[in-house]
Amino acid sequence: MLLGFHSFLSRHTHTSTMGNQATSGEKPTTEEDQSKIQWEVAKSEEDWKKELKSEEFHVLREKGTERAFTGEYWDNKESGNYSCRACGNPLFESGTKFDSGTGWPSFYKPLKGNAVKEFTDNSMWSTRTEVVCGKCGSHMGHVFNDGPKPTGLRYCMNSCSLKFEKK
């Protein structure tokens with residue numbers, strides 16, 4: 001079982017080399033650098049805890065992950081926009097969503113260049129690129145460089161980090 005999980009990690013946890021050019025134009029920074037950012041929407045963790053459901057808080061503020069194929073939007077095919085569940089910042093549009101087969105909502109590019117920020121994530125025995133909301137810093141998921149054209153990127157997001165607004 002562990003060997004199977006290690007094999008999964010080696011196939012699905014490589015760092016995006018293009019993701020930051022697609023978003024902010026900056027290289028990924030460390031978690032230490034992330035804690036120094038003055039977010040446009042800044043609240044105490046106590047305030048976030050009061051506003052979010054427990055699973056939302058765990059994923060958005062504690063960098064958790066929902067189980068694959070269980071989230072509200074992994075197979076959503078409706079037209080609309082996806083925003084940050086914590087602060088409402090518009091992040092992705094349905095036209096960039098694709099079926100990655102992973103069980104999480106996947107997009108090939110953010111709605112606008114500063115919608116998300118990316119940081120180096122050295123958890124889970126590998127190096128990945130974490131994606132956070134560009135306005136409040138909440139954890140959304142990770143970006144990988146195995147996505148479709150035109151970007152070659154796969155923004156793999158947690159459903160509970162997103163809020164969908166139908167067009």
Side-chain angles (χ1 to χ4, degrees), residues 12-31 33-43 48 52 56-57 59-66 68 71-124 126-167:
H12 297 287
T13 58
H14 50 283
T15 302
S16 165
T17 56
M18 298 169 27
N20 288 297
Q21 288 81 12
T23 56
S24 65
E26 302 167 1
K27 293 183 180 179
T29 57
T30 64
E31 194 169 318
D33 291 335
Q34 186 177 357
S35 68
K36 296 175 185 173
I37 293 176
Q38 295 292 326
W39 300 103
E40 186 178 333
V41 176
K43 299 179 184 183
W48 286 121
L52 301 167
E56 294 168 355
F57 181 82
V59 172
L60 288 159
R61 305 307 303 171
E62 298 176 327
K63 302 181 184 205
T65 302
E66 66 190 4
E72 184 177 4
Y73 304 126
W74 74 270
D75 65 346
N76 182 23
K77 294 175 179 41
E78 294 184 280
S79 292
N81 290 322
Y82 294 84
S83 28
C84 173
R85 186 170 299 266
C87 74
N89 183 32
L91 302 173
F92 301 96
E93 64 180 340
S94 59
T96 64
K97 188 174 186 287
F98 66 98
D99 183 0
S100 64
T102 62
W104 289 284
S106 297
F107 306 85
Y108 62 79
K109 73 173 186 176
L111 193 59
K112 56 186 176 186
N114 61 352
V116 299
K117 289 192 180 295
E118 299 174 8
F119 296 92
T120 299
D121 176 0
N122 291 312
S123 66
M124 298 288 294
S126 65
T127 300
R128 302 177 291 174
T129 302
E130 178 189 16
V131 176
V132 302
C133 172
K135 203 169 185 178
C136 71
S138 290
H139 175 76
M140 298 289 125
H142 292 86
V143 61
F144 304 93
N145 61 3
D146 60 358
K149 292 181 179 181
T151 65
L153 301 173
R154 172 174 52 97
Y155 287 84
C156 191
M157 305 293 100
N158 290 285
S159 283
C160 69
S161 295
L162 303 170
K163 187 172 184 179
F164 178 73
E165 187 176 321
K166 194 175 176 178
K167 283 186 181 175

Side-chain donor-acceptor contacts of residues 88-96 below 3.5 Å, not counting sequence neighbours, with atom names and distances?
| residue | atom | partner | partner atom | Å |
| --- | --- | --- | --- | --- |
| N89 | ND2 | A115 | O | 3.1 |
| S94 | OG | G80 | N | 3.0 |
| S94 | OG | G80 | O | 3.2 |
| T96 | OG1 | E93 | O | 2.9 |
| T96 | OG1 | K109 | O | 3.4 |

Audit row: M140, L60, side-chain contact (heavy atoms from CB on, under 4.5 Å) steps and yes/no: CA-CA 6 Å; M140 298 289 125; L60 288 159; 3.5 Å; yes
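Judged as a side chain to side chain donor-acceptor pair (under 3.5 Å), and not counting sequence neighbours, N81 has no contacts. Qualifying salt bridge (charged side-chain N to carboxylate O under 4.0 Å, His left out) partners for K166, counting only residues two or more places apart in sequence or in other chains: E78. Take E62 and apply the side chain to side chain contact (heavy atoms under 4.5 Å, CB included) test, not counting sequence neighbours, and it matches F57, H58. Under the side chain to side chain donor-acceptor pair (under 3.5 Å) criterion, S79 pairs with no residue at all, not counting sequence neighbours. Considering only residues two or more places apart in sequence or on other chains, N122 meets the side chain to side chain donor-acceptor pair (under 3.5 Å) condition with T127. Annotation: salt bridge (charged side-chain N to carboxylate O under 4.0 Å, His left out) contacts of E56 (sequence neighbours excluded): R85. Partners of W48 by ring-ring contact (aromatic ring centres under 6.0 Å, His included), not counting sequence neighbours: none found.
A heavy-atom distance below 4.5 Å is not found between the side chains of C160 and E72. No side-chain heavy atom of F107 sits under 4.5 Å from any side-chain heavy atom of V131. Inter-residue side-chain proximity for S83 and E165 is flagged as unmet; no heavy-atom pair is nearer than 4.5 Å.
Looking only at distances, a side-chain donor or acceptor of D121 sits under 3.5 Å from a matching main-chain atom of S123. No donor-acceptor distance shorter than 3.5 angstrom exists from the side chain of S106 to the backbone of R154, with no hydrogens or angles considered. With W104 contributing its side chain and E66 its backbone, the two residues share a donor-acceptor pair below 3.5 Å. No donor-acceptor pair under 3.5 Å is formed between the side chain of S100 and the backbone N or O of F98.
Considering every non-hydrogen atom in both V132 and W39, the closest pair reads CG2-CH2, 3.9 Å. Of all non-hydrogen atoms in N158 and G141, the two that sit nearest each other are ND2-CA, 4.0 Å. The shortest non-hydrogen separation linking L52 to A86 is CD2-CA, 4.2 Å.
Classified by interplanar angle (parallel below 30°, tilted 30° to 60°, perpendicular above 60°), the ring pair H139/H142 is perpendicular. Ring-plane geometry between Y82 and Y73 is classed as perpendicular, the angle between the planes exceeding 60 degrees on a 0 to 90 degree scale with a lower cut at 30.
Residue K43 holds its NZ atom at 9.5 Å from CZ of R61, rounded to the nearest 0.5 Å. Here the CD1-CZ distance, from I37 to F119, works out to 3.5 Å after rounding to the nearest 0.5 Å. Taking CG of L153 as the start and CD of E118 as the end, the distance is 7.5 Å to the nearest 0.5 Å.
The salt bridge (charged side-chain N to carboxylate O under 4.0 Å, His left out) contacts involving residues 136-145 comprise nothing, where partners must be two or more places apart or lie in separate chains.
Around atom NZ of K163, no more than 12 heavy atoms belonging to other residues, nucleotides or ligands sit under 6.0 Å away.
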